[in-house]
Every structure is written in C-alpha cells, then in structure tokens.
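Structure first, then comments.
Remember, it's a predicted structure, so these values are computed and weren't measured experimentally.
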Amino acid sequence: MLFLLISCFSFIFFFKSFSFKPMKSEGKMLLLGPWFWEGFSSFLVSWFNKGRFAVSMFQVPLKMPLTKVNLCSKVQEIVEEEGEGPSLLDLPELALECILERLSPAELCSMAGVCNSLRDRCRSDHLWEKHLKHKWGRVICEAACKEWQCHITSRKRPSFLDQRNQKGFFGSLMSMWPFSWYKPRCESRNKPTTCLPVDSIMALYLSLESGKFWFPAQVYNRENGHVGFMLSCYDAQLSYDSKTDTFQARYSPFARRTIEESIHWDRLRAPPVETPAHVLHTSDCLNDLKPGDHIEIQWRRSKEFPYGWWYAVVGHQELCDGNENRCRCRYSDTVVLEFSQYTPGSRWRQTIVNRKDHREVGNEADGFYGGIRKLYKEEEISKWKQLWPKQIFD
C-alpha cells in the first residue's frame with residue numbers, strides 16, 4: 001500500500017509540473033489543467049474506497065497520447081470494467097462457515113482484521129473450541145477452566161484489544177510469536193474499540209499461547225527425571241513458551257524445587273481427579289484390587305508437602321506363590337503395592353495398605369501414603385511404561 005501511494009503521488013507530481021503548459025504529442029495538444037486533476041483525484045478516491053490494491057490506470061501504454069478525451073475515456077473504461085467484484089461475504093452462510101472452520105488460529109486472527117462482519121465470525125466460540133481442544137485438550141482440565149473464570153472476573157477492562165491502552169496484557173501478548181504479526185484494525189476512530197471479549201474461547205486460547213495465563217496441570221517425573229521423583233506425577237502451575245514449544249512449571253513452595261523450565265508436552269497431563277494436592281483422595285477401588293492391577297497412589301514426604309501420584313502394581317501376599325489357580329490375594333484384608341523401579345529389599349520397593357479401612361499411613365522416615373486410584377485405561381498404563389527408567393534404583 002505504501003508503494004502504491006508513493007507511485008500515485010510521484011505520478012501526480014510529474015504531470016503537475018507540466019500543468020497549464022501546451023505540449024505536443026504525435027500531433028495532438030496536451031493540456032493538463034485544473035479540470036484534469038479534479039477528475040483524476042476523484043477517480044483515485046473512488047478507487048481506494050473500493051479497497052483496490054493496485055491502480056490499473058498505470059497499465060496504460062506510455063506511448064498513448066494523453067489528451068483529455070483519451071485519458072478520461074480510459075479512466076471511465078477501467079471503472080466500468082472493474083466495478084464491484086464478488087466479496088467473501090457474498091458466499092452462502094454454510095460455505096463461509098466451512099471456509100472459516102478450515103482456517104488455522106493464525107489465519108483466523110488475520111481474517112478477523114478484515115472487517116467488522118468477519119471479525120465477529122472469526123471470534124465465534126464454536127470455531128475456537130475446536131482449536132482449543134486439539135492443542136490444549138490433553139492438559140486443560142476443569143480446574144484450569146475455573147481458574148480462567150477467576151482470572152477474567154478480576155479484570156477491570158472489558159476487552160483485550162482496547163487500543164487506547166496497548167501497554168497491558170494484550171500489548172505483551174501481541175509482541176510474542178506467533179501472534180506478533182497480528183495488528184487489530186480499528187474501523188472507526190470516533191468510537192472506542194472493544195474487539196475481543198475476555199470471556200471468549202479465543203481469549204483463553206491466545207492467553208495460553210502467550211504464556212500470560214498460568215494454568216494448573218500435572219508433570220511427570222518432575223525436576224527433569226530426578227531419581228527422587230521417578231515414576232511420579234505432581235501438580236504444578238504451568239506457563240507456555242511458544243518460541244520453544246515448552247513449558248515452565250511452578251511447584252508448591254514446600255517442594256524440593258519450586259521452578260522447572262523446558263518441560264515438553266509428553267511430560268504433562270490434565271489432573272485425572274479433582275482432588276487438590278493437599279487433600280487425601282477417597283479410594284473407591286480397594287475392594288476390586290487384585291494382583292497385576294495398575295494403580296496410582298498418593299505419597300508425600302511429610303505432612304507439610306503436597307501429595308504426588310506414584311505408579312505401582314498390585315502384588316501378591318507374602319505366602320502366595322503367585323499361581324493364578326491358588327491365589328487368594330484379592331480376598332485378603334490387605335493389599336500389597338509394588339514399586340518395581342526400586343530394587344528388591346529397598347525400603348521403597350513395597351508397601352501394604354488396609355483394604356477395609358484405608359487412611360493415610362506412614363511416618364517421617366518413609367513418607368506418607370494416601371489415596372489410591374485404579375488405572376482402567378490402557379492409555380494411562382502405557383504412558384507410565386513409556387516413562388520407565390533405564391535402570392532400577394536403590
């Protein structure tokens with residue numbers, strides 16, 4: 001557009017210098033007076049109002065005589081030929097929706113800056129819900145949605161894109177990849193712009209992408225697989241870094257380390273239960289547990305620490321030989337839990353819980369064991385197997 005304007009003004013300046021001067025061109029007199037510039041200016045204004053990005057008049061051969069009759073007739077011919085072309089908004093409703101549904105988040109943001117009508121359509125929740133579920137569905141849970149509601153309730157301004165104040169949240173958001181190219185377009189300078197409601201799904205998506213919204217999730221093998229957290233999963237507050245496609249985690253202040261960076265997607269999950277990290281989970285699967293079942297059990301180092309979820313397998317009682325035909329372990333009042341990532345004989349290798357009256361058990365030396373959840377989905381079990389360490393620990 002800048003190149004177009006420079007070209008137009010250069011064209012005008014060049015011919016303006018010859019105004020009111022008679023010039024001969026191939027035997028015809030060329031007079032560029034006020035009548036010409038008035039008509040030419042009107043043509044340019046009309047052309048720009050139609051949203052053109054190129055002036056076809058410059059396609060006129062340079063050798064053509066620039067007489068009043070020839071120039072005006074050429075301009076009239078161009079205007080009549082071009083006219084008002086078909087618009088995207090002229091498409092049937094269903095066809096337009098199908099096009100918008102196939103756009104990526106970045107393309108929807110770009111399309112939203114074209115006009116008011118497309119802006120409203122491209123910010124519809126049903127379009128962004130698909131993108132939110134596709135990218136963030138594995139790590140966003142009900143707790144994250146509740147925290148987002150609290151986040152937007154605390155905001156005083158009704159929108160992100162208030163152009164009168166770009167130094168706040170959205171100003172920082174727009175400076176980050178991949179949305180740094182997106183510039184909101186204000187179509188009326190006399191009216192305040194409220195482009196993006198804070199309670200829209202698009203707002204949530206962009207907040208997650210920018211890393212400004214810290215959301216709750218769980219991290220496998222925290223502290224980059226430290227031996228003290230192998231085959232565990234802990235609650236954390238997470239922030240996304242779109243430049244590296246990784247996350248930063250903030251753990252409980254009582255944890256061994258409060259911040260971890262460069263966490264990849266495969267080490268994250270949405271909390272499978274709504275039980276807070278400091279609350280004992282209610283175990284409703286104890287009567288169904290039998291040898292070979294895969295479980296997760298809460299464990300914490302001391303009463304002040306939050307629980308983490310640790311992977312284990314139900315084992316056999318001490319007097320059972322493991323034969324399926326003679327095994328009666330499932331009818332015992334106690335359940336043996338095996339942590340096979342530790343060597344036999346290690347104090348961390350095995351623990352026993354009461355099937356009938358299970359509560360938090362343990363001590364300051366060995367830690368405290370809490371609630372149990374049985375793993376029914378093969379996807380959850382295979383995930384733990386993928387995280388299995390290359391060697392066992394003492």
Side-chain angles (χ1 to χ4, degrees), residues 138-139 216-241 244-252 254-273 277 281 289-302 305-318 320 322 329 335-353 362 365-394:
R138 294 185 294 110
V139 296
Q218 292 181 346
V219 182
Y220 290 104
N221 295 351
R222 57 173 290 182
E223 299 186 27
N224 199 26
H226 187 279
V227 63
F229 297 100
M230 191 60 64
L231 293 186
S232 68
C233 199
Y234 275 78
D235 288 81
Q237 291 288 321
L238 294 164
S239 174
Y240 180 62
D241 183 357
T244 60
D245 195 28
T246 59
F247 294 83
Q248 181 181 16
R250 293 193 304 220
Y251 299 105
S252 167
F254 296 104
R256 174 189 178 116
R257 183 179 175 185
T258 59
I259 297 178
E260 181 181 356
E261 298 179 345
S262 301
I263 301 173
H264 293 278
W265 285 87
D266 58 355
R267 291 180 53 207
L268 302 181
R269 76 173 183 182
V273 294
H281 177 67
L289 295 180
K290 62 183 184 300
D293 285 345
H294 302 264
I295 64 100
E296 292 179 10
I297 184 171
Q298 289 177 311
W299 182 87
R300 58 182 174 179
R301 183 62 177 170
S302 68
F305 284 15
Y307 284 113
W309 289 97
W310 291 73
Y311 173 73
V313 178
V314 178
H316 292 275
Q317 298 291 325
E318 184 178 0
C320 180
C329 295
V335 180
V336 177
L337 303 179
E338 298 277 353
F339 300 90
S340 300
Q341 66 268 36
Y342 298 102
T343 58
S346 170
R347 63 172 179 166
W348 309 111
R349 171 76 180 204
Q350 186 182 94
T351 190
I352 298 176
V353 298
D366 298 329
F368 297 87
Y369 295 90
I372 298 173
R373 59 179 295 262
K374 181 178 179 179
L375 303 182
Y376 296 95
K377 298 179 180 179
E378 184 60 33
E379 180 182 358
E380 289 184 294
I381 298 173
S382 62
K383 182 60 181 180
W384 285 112
K385 291 181 178 179
Q386 292 173 10
L387 297 169
W388 200 266
K390 297 181 180 179
Q391 61 180 14
I392 59 177
F393 307 100
D394 294 330

Handout entry: Least distance between heavy atoms, Pro306 atom then Arg300 atom
Key = O-CB, 3.4 Å
Practice task
Measure the CZ-CD distance between Phe247 and Glu261 for me, rounded to the nearest 0.5 Å.
Solution key: 14.0 Å
Problem - Salt bridge Arg267-Glu260, side-chain N to carboxylate O under 4.0 Å - result: yes
Practice task
Report, as yes or no, whether the 6.0 Å neighbourhood of atom CD on Gln386 holds more than 12 heavy atoms from other residues, nucleotides or ligands.
Solution key: yes
Handout entry: Check: Trp310 ring centre within less than 6.0 Å of Tyr369 ring centre
Key = no
Practice task
Please tell me if the side chains of Ile381 and Tyr376 come closer than 4.5 Å, counting only heavy atoms from C-beta onward.
Solution key: no
Problem - Check: Ile295 and Val313 side chains under 4.5 Å, non-hydrogen atoms - result: no
Handout entry: Exceeds 12 heavy-atom contacts within 6.0 angstrom, atom CD of Glu379
Key = no
Handout entry: Test: Arg373 and Glu380 ion pair at under 4.0 Å
Key = yes
Fill in the blank from the handout: Hits for side-chain hydrogen bond (donor to acceptor under 3.5 Å, both in side chains) against Thr244, two or more places apart or cross-chain, chain-then-number order -> Asp241, Thr246
Practice task
Side-chain contact test, heavy atoms from C-beta onward, threshold under 4.5 Å: evaluate it for Ile297 versus Phe339 and give yes or no.
Solution key: yes
Practice task
Calculate, to the nearest 0.5 Å, the distance between atoms SG and CD belonging to Cys320 and Glu318 respectively.
Solution key: 11.5 Å
Handout entry: Non-hydrogen side-chain atoms of Val139 and Leu238 separated by less than 4.5 Å
Key = no
Exercise for the section: Keeping the roles fixed (side chain from Glu296, backbone from Ile372), state whether a donor-acceptor pair exists under 3.5 Å. Expected result: no
Handout entry: Heavy-atom side-chain contact between Pro389 and Leu231 under 4.5 Å
Key = yes
Fill in the blank from the handout: Nearest heavy-atom contact between Gly315 and Glu338 is CA-CG, 3.9 Å
Completion exercise
When rounded to the nearest 0.5 Å, the distance separating NE2 of His226 from OG of Ser232 is 11.0 Å
Handout entry: Output field: ring centroids Tyr251/Tyr234 closer than 6.0 Å
Key = no
Handout entry: Any residue meeting side chain to side chain contact (heavy atoms under 4.5 Å, CB included) with Ile352, in chain and number order, not counting sequence neighbours
Key = Thr334, Val336
Practice task
Apply side-chain contact (heavy atoms from CB on, under 4.5 Å) to Phe305 and Trp299, showing your working.
Solution key: CA-CA 9 Å; Phe305 284 15; Trp299 182 87; over 6 Å; no
Handout entry: Minimum side-chain heavy-atom gap Val273-His281 below 4.5 Å
Key = yes
Practice task
Under the ring pair (Phe, Tyr, Trp, His ring centres under 6.0 Å) rule, collect the residues that match up with Tyr307, sequence neighbours excluded.
Solution key: none
Exercise for the section: Check whether the side chains of Asp366 and Trp348 place a donor and an acceptor atom closer than 3.5 Å, and report yes or no. Expected result: no
Exercise for the section: Check whether any side-chain N or O of Gln298 sits under 3.5 Å from a backbone N or O of Gly371 as a donor-acceptor pair, and report yes or no. Expected result: yes
Problem - Any Cys233 side-chain heavy atom under 4.5 Å of Arg269 side chain - result: yes
Handout entry: Partner residues of Phe368 under the ring pair (Phe, Tyr, Trp, His ring centres under 6.0 Å) criterion, sequence neighbours left out
Key = none
Handout entry: Backbone of Tyr342 reached by a side-chain donor or acceptor of Arg349 within 3.5 Å
Key = yes
Handout entry: Residues in salt bridge (charged side-chain N to carboxylate O under 4.0 Å, His left out) contact with Asp266, at least two apart in sequence or another chain
Key = none
Practice task
Check the angle between the aromatic planes of His294 and Tyr311 and answer parallel, tilted or perpendicular using the 30° and 60° thresholds.
Solution key: parallel
Practice task
Supply the atom-to-atom distance Ser262 OG to Gln248 CD, rounded to the nearest 0.5 angstrom.
Solution key: 9.0 Å
Problem - Spacing of OH belonging to Tyr220 relative to CD1 belonging to Ile263, to within rounding of 0.5 Å - result: 13.5 Å
Practice task
Would you please name every residue forming a salt bridge (charged side-chain N to carboxylate O under 4.0 Å, His left out) with Lys374, sequence neighbours left out?
Solution key: Asp293
Problem - Considering all heavy atoms, the nearest Pro272-Gln218 contact - result: CD-OE1, 3.5 Å
Problem - Interatomic distance, Ser239 atom OG to Ile259 atom CD1 [nearest 0.5 angstrom] - result: 11.0 Å
Fill in the blank from the handout: Smallest heavy-atom separation, Trp265 atom then Arg138 atom, equals CE3-NH2, 3.3 Å
Completion exercise
Heavy-atom nearest pair, Pro291 first then Cys329, reads CG-CB, 3.7 Å
